[in-house]
2 protein chains.
Amino acid sequence: MASPELEKQITLDEIVDLCTRRGFFFQSGRIYGGLSGFYDYGPLGIELKRNVLNSWWRWFVELRDDVYGLDGSIITHPRTWEASGHVESFLDILVTCTRCGSEYRADALLEELGIKVSDLSAAGLARAIKDHGVKCPACGGELSDPKPFNLMFTTTVGPRREQPLVAYLRPETAQLIFINFKNIVFAMGATLPFGIAQYGRAFRNEISPRNFLFRLREFNQLEIEYFVNPKKLNSCPYFDEVRSLEIQLLPAEVQEKGESGVKVIKLGEAVESGYISTVWHAYWVGESLRWLHSIGLDPKKLRVREHVKSELAHYAVQTFDIEYYFPYMGWKEIVGISNRSDYDLRRHQEYSGESLHIVDDGEKVIPYVIEPSFGLERIILALLTESYTREKGRIYLRLKPSIAPFKVAVFPLVKRDGLDVKAREIYRVLREHLRTYYDEDGSIGRRYAKADEIGVPYCVTVDGQTLAENTVTVRFRDTREQVRVPVEKLVEVLQSLIRNDVVALDRKAQIPLLEKAEVQGR
Amino acid sequence: MASPELEKQITLDEIVDLCTRRGFFFQSGRIYGGLSGFYDYGPLGIELKRNVLNSWWRWFVELRDDVYGLDGSIITHPRTWEASGHVESFLDILVTCTRCGSEYRADALLEELGIKVSDLSAAGLARAIKDHGVKCPACGGELSDPKPFNLMFTTTVGPRREQPLVAYLRPETAQLIFINFKNIVFAMGATLPFGIAQYGRAFRNEISPRNFLFRLREFNQLEIEYFVNPKKLNSCPYFDEVRSLEIQLLPAEVQEKGESGVKVIKLGEAVESGYISTVWHAYWVGESLRWLHSIGLDPKKLRVREHVKSELAHYAVQTFDIEYYFPYMGWKEIVGISNRSDYDLRRHQEYSGESLHIVDDGEKVIPYVIEPSFGLERIILALLTESYTREKGRIYLRLKPSIAPFKVAVFPLVKRDGLDVKAREIYRVLREHLRTYYDEDGSIGRRYAKADEIGVPYCVTVDGQTLAENTVTVRFRDTREQVRVPVEKLVEVLQSLIRNDVVALDRKAQIPLLEKAEVQGR
């Protein structure tokens, strides 16, 4: 880990710069002046995205026998969002400058000016704007009365020119799961407790998108709705797997007292002392944290913050955010884990007229739902921030080998004497097994620097000795140490390094294959 | 392969029924009466989708060094679609019944009535409707004058209540590639020839969505835009890999003469005789076919049909569709491979004012583009159709092991005597390595029947002998043959079967591991 001094200096601008320069993300529609709140994943970004999605799917679907996958449509039947409450309640409060027309989210505007508001209704915000004499920050003009603004994007389906069908782009993937609940119970024979998992895009017409990947208008969610008999919210057969996991907890009561100190507490104790009201909820907090740790986020930079009453969503009984500490913007939500009660299924039952119960222990039950909801782009921003390292004049991404976009880069030391031919040959073998690229352009130093910046954990270099002995050097990204490995052992050695997450030689004990491969220090 | 007699009897209804019953696809918004043209992927469908996408990404991106990935946004800058020509030209011709309000795509309505029309403009279609006295099929009422209808879904971005920014949901993924062309050249140092690949959703407000997954309003495309110096359209270094591939070709000239006979011809000859006008175009036809073969589509059911002049898109110089033979609806496009010339880059250059050239051989060049464009849901429908097999009273999906949603199912013969405990133990080991599910409900026959219907190639059953000898039976889906395999060899044997695509014992020569595992006939 880099030292705290260095990390404090990391800015969002540096990360944006690296992401654009190296092909992780591009502002969408840049050649037309850009579309605010939209980013395109570049060649490196899509590989990172695929790795994070695949890791999540493996952890929460493939390695479990109680979670089913789903992939619903983006344009959705409008009744879905009437039932869910989004048509009525998915609002921000908008104010407009009566002079220059600039538009602001009222609560965000007040927060930026350091004005604390407890009543976040349109009326409450209007009062605060009046009381503090807030003017337009752009031109100093008078602000309009605050008005609710629904964040859902709308479109119309079918020609139906007379009576167009207004439909919504889903503002969350969750509702697709609720409206497919019965389909999955029937088709899969699902019994309680079980979950349905889905990843995909969601759309929110944010008034002020900002902070690069953090607040987007189009983004990806990874959500699980986990259905439990409401009488069994405290009987989770898997809880022992996370019971002794220590978390940094910031309960609602602490925040309501205006305090900010976190409690370091084991999940088991968090339930016993009543901070987390059900065992199943605590279990999903734990599982979510364990997965975040597995992809490389530092447990010390993750805290679990309970929502205070005034910020709870209309459907939520209790919600915990997992927040990551971004050095340039502080603690921010990257995952939310809500107890949504039976709100959604009951509402869809009411609006559709179709019974959404399930039989458990011989009784008809509308299950409760615990929902871990992950924001993909926020997690990617956390990973980039966590791994971004400036050290002795070089920049590298300390991504875990399993998450890194490319696992291996293959270079000829120089582009002649047959070294390039041999290097291409090795590249073609490696790419069958591992995500690999080949690079022969520019100096070897420049090629290492590029590989470092895109987080390639292992660089394979073909040099004069390769032709004589059929060995190559393998360079470790984080330490720049090098070892020589026989070409015929290369796939096996690299696979073993990745499997064991080895990024430096001083963990040699974990690299049995490397020892067989006759390691030499550089 | 099932006999042709049996296959003729396969109906689309049967496939829809299996897909709903077994959790491949659900009509989107069904509990609210359904949303026409939208489907949700169920637990089986999403696994199938993931396998097809991963196979495509591996084939066209990971195993090549000349193709970069991209993943652009769905809501896109409106200038994109002005430049591309979609705002002006992405139209169908709509007629409305003046009595009952039913709406029809004019060309489709005439085609259904067996009326051939050569002039597909609004005026031409109006004339045909008048000449043939066509009335509303629903109520017999008079039809309105045909009018153009743009198929793009629109939405508005940002609050901007005064002057909303109208944006489009992308009707094709391709344009995101064109507007990112320069970003990728800069970030990746790309040099000609190279491609950019992207998969993701596209949206078309079809007047009449139909045929299950075939014509959807929301669907997934997998597209490559491959950029070539216009002077080098005939110098493709990879052409030898496909030169001798035999294709069933239906050239434009044959269709224009009103004939329908396909030519069986090698790709090399198709170029030499001028049917395919450039070598790079022929190469991408070949690569696309090879990938379709690799996922299990029968080469005999794939033909390559050239677009006749009147159906060429506004951007296309020459286009070939790869069509699959669906027994219930005939030959239908599943892939389109176009030579888009330099149309798109030139238009974006003109509309953005940004130079979109690249330097090749010391000259500034606007490259030509060859575009293989795959329709994911159409390919999935082809795979389901190809693999759907009714045989001796049972139904099974003959999916290739690499494409099947689940590779293995684990059953205890009965749910007692410790067989279930042992079976769960084996399941937990297998799922670490292979997509596996566990099933103990109902009779063993019912469990095999379910596994067959969802295309599981190998069922592992734990029986009395397992406890005594630590062996299990492995049953082959297509032949129902069984072999006994020692538990400690199970992962290795199954991995080898999948790798070698083994679905029956009579291909024993390809299963070295199975022989080691002491094969016994049942």
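Naming convention: chains lettered A, B, ... in sequence-line order (proteins, then strands); numbering from 1 in each chain.
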S102(B) versus chain A, the contacting section by heavy-atom distance below 4.5 Å: neither
Under 4.5 Å from any heavy atom of chain B - which part of R105(A): neither
Which portion of F24(B) sits near chain A, non-hydrogen atoms under 4.5 angstrom: neither
Contact class of R217(A) relative to chain B, heavy atoms under 4.5 angstrom: side chain
Top contributor to chain B contacts, counting heavy-atom pairs under 4.5 Å, from G29(A), G33(A), P43(A): P43(A)
Region of N205(B) that comes under 4.5 Å of a non-hydrogen atom in chain A: side chain
Residue L169(A) versus chain B: region with a heavy atom under 4.5 Å: side chain
Interchain contact, N180(B) with chain A, by part (heavy-atom threshold 4.5 Å): side chain
Residue part contacting chain B, namely of T96(A), when any heavy atom lies under 4.5 Å: neither
Test item: side-chain donor near acceptor, E377(A) and Y41(A), under 3.5 Å: yes
Contact class of Y168(A) relative to chain B, heavy atoms under 4.5 angstrom: neither
Check: L222(B) and L53(B) side chains under 4.5 Å, non-hydrogen atoms: yes
N51(A) and N54(A) side chains, donor-acceptor separation under 3.5 Å: no
Region of D65(A) that comes under 4.5 Å of a non-hydrogen atom in chain B: both
Side chains of K182(A) and S355(A) in contact at under 4.5 Å (non-hydrogen atoms): yes
Under 4.5 Å from any heavy atom of chain B - which part of Y39(A): backbone
Residue part contacting chain A, namely of R64(B), when any heavy atom lies under 4.5 Å: backbone
Proximal component of Y32(B), with respect to chain A [non-hydrogen, under 4.5 Å]: both
Residue E62(B) versus chain A: region with a heavy atom under 4.5 Å: both
Residue pair Y438(A) / E440(A), side-chain donor-acceptor N/O under 3.5 Å: yes
Greatest number of heavy atom pairs closer than 4.5 Å to chain B - which of F25(A), Y351(A), Y437(A), Y68(A): Y351(A)
Region of L151(A) that comes under 4.5 Å of a non-hydrogen atom in chain B: neither
Toward chain A, the part of L44(B) with a non-hydrogen atom under 4.5 Å: side chain
Top contributor to chain B contacts, counting heavy-atom pairs under 4.5 Å, from R201(A), R50(A), R79(A): R50(A)
Interface moiety of R428(B) toward chain A, non-hydrogen atoms closer than 4.5 Å: neither
Segment of Y199(B) engaging chain A (4.5 angstrom heavy-atom cut-off): side chain
Check: Q175(A)/H348(A) side-chain N/O donor and acceptor closer than 3.5 Å: yes
Distance-only donor-acceptor check, side chains S73(B) and S28(A), under 3.5 Å: yes
Flag side-chain contact, heavy atom, 4.5 Å: I380(B) against L48(B): yes
Region of R435(B) in contact with chain A, defined by heavy-atom distances below 4.5 Å: side chain
Under 4.5 Å from any heavy atom of chain B - which part of I196(A): neither
Pick from T155(B), V61(B), T80(B) with the largest number of heavy-atom pairs that fall under 4.5 Å of chain A: T155(B)
Check against salt bridge (charged side-chain N to carboxylate O under 4.0 Å, His left out), R347(A) and E350(A): CA-CA 5 Å; R347(A) 293 275 291 197; E350(A) 184 189 327; 5.2 Å; no
Contact winner vs chain B - I179(A), D71(A), T76(A), heavy-atom pairs under 4.5 Å: D71(A)
Interface residue of largest heavy-atom contact number with chain B, from T20(A), T156(A), D441(A), I74(A), under 4.5 Å: I74(A)
Interface moiety of F153(B) toward chain A, non-hydrogen atoms closer than 4.5 Å: both
Segment of E432(A) engaging chain B (4.5 angstrom heavy-atom cut-off): both
